[in-house]
Amino acid sequence: MASSRLHRGNGKGTQSYRIIVCGDIAVVVDSVRVPCRNKEYGCNETVDYMNNGHEETCTYAPCSCPLLDCNFVGSSDQLSLHFSSKHWDSGRRFRYNSPLAVSVGMNEQFLVLQAEDDGVLFLLNKGVERIGNTVMITCIGPSSSKERFLYDLESVRGSSSLRLKSATHNFPGWLEDFQPTDFLLIPFCFLGSSGHVNLDVCIWNSAELCADCPS
Ligand SMILES: [Zn+2]
Ligand SMILES: [Zn+2]
């Protein structure tokens, strides 16, 4: 069975038809349009059931709340509102383009950062390797989104400092596996006596600054 498509303008838009060829018989059928699978998260698009490019890049794709004891799932806008109303004391608020001093406890795996300007959520992720801790920042959003934020991480000990300059990748919370690309490795000797990782973080939202971001 083969199928091909034709389009016919009707003055108001384009109606799409599918021609299905089965043996010697060709049948013209109306294309089947269905709601986007992210309708429950606020998307009002309808998509062609057979030729669906929209859902791969839909900006309403679900993201999960980063807190491990919360099951909330919603679009990134819904998640921003959820986090600022339900967990306002569980993350750090910050302003773009301004440094923020943060501390991640020995037993903490991440810190949630929420931008005061637009509510966008970021995760400062901490991992443990044999010789130290890895740290990097991701933006909570659909992984299809190409939006990037430049960021700086700096860890200082006495006259020494370690610094990472990178750009965030989007990651929809715990719904997908994530393979980090860039990270800062902070040797254990950099940690304070309490085992806390102390960092200066700066996240930039300037489009010009991000013009040559790695993709
Ligand atoms: Zn959609
Ligand atoms: Zn939550």
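First listed ligand is number 1; within each ligand, the first listed atom is number 1. Just so we're clear, the structure is a prediction, and the values are computed from it rather than from any experiment. Computed over heavy atoms, backbone and side chain alike; hydrogens, waters and symmetry mates excluded.
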(message) Test side chain to side chain donor-acceptor pair (under 3.5 Å) on D117 and N205; report intermediate values, then the result.
(response) CA-CA 10 Å; D117 318 47; N205 71 339; 5.0 Å; no

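- Side chains of I186 and V135 form a contact here, defined as non-hydrogen atoms less than 4.5 Å apart.
- Checked against E116 for a salt bridge (charged side-chain N to carboxylate O under 4.0 Å, His left out), the options R92, R93, R95 give a single hit: R95.
- Y41 and D77 are not linked by any side-chain donor-acceptor pair at a separation below 3.5 angstrom, with hydrogens and angles left out of the test.
- Judged by distance alone, with hydrogens and angles left aside, the side-chain atoms of T168 form no donor-acceptor pair with the main-chain N or O of T138 at under 3.5 Å.
- Here K126 contributes atom NZ and F183 contributes atom CZ; the two are 15.0 Å apart, rounded to the nearest 0.5 Å.
- Among heteroatoms of the N, O or S kind in H54, NE2 lies nearest the Zn ion (ligand 1).
- The SG atom of C43 and the SG atom of C58 subtend an angle of 110° at the Zn ion (ligand 1), given to the nearest 10 degrees.
- Counting only distances under 2.8 Å, and ignoring water, the protein N, O or S atoms around the Zn ion (ligand 2) are C65 SG, C70 SG, H82 NE2, H87 NE2.
- Taking 4.5 Å as the limit, every side-chain heavy atom of S155 sits out of range of all side-chain heavy atoms of V197.
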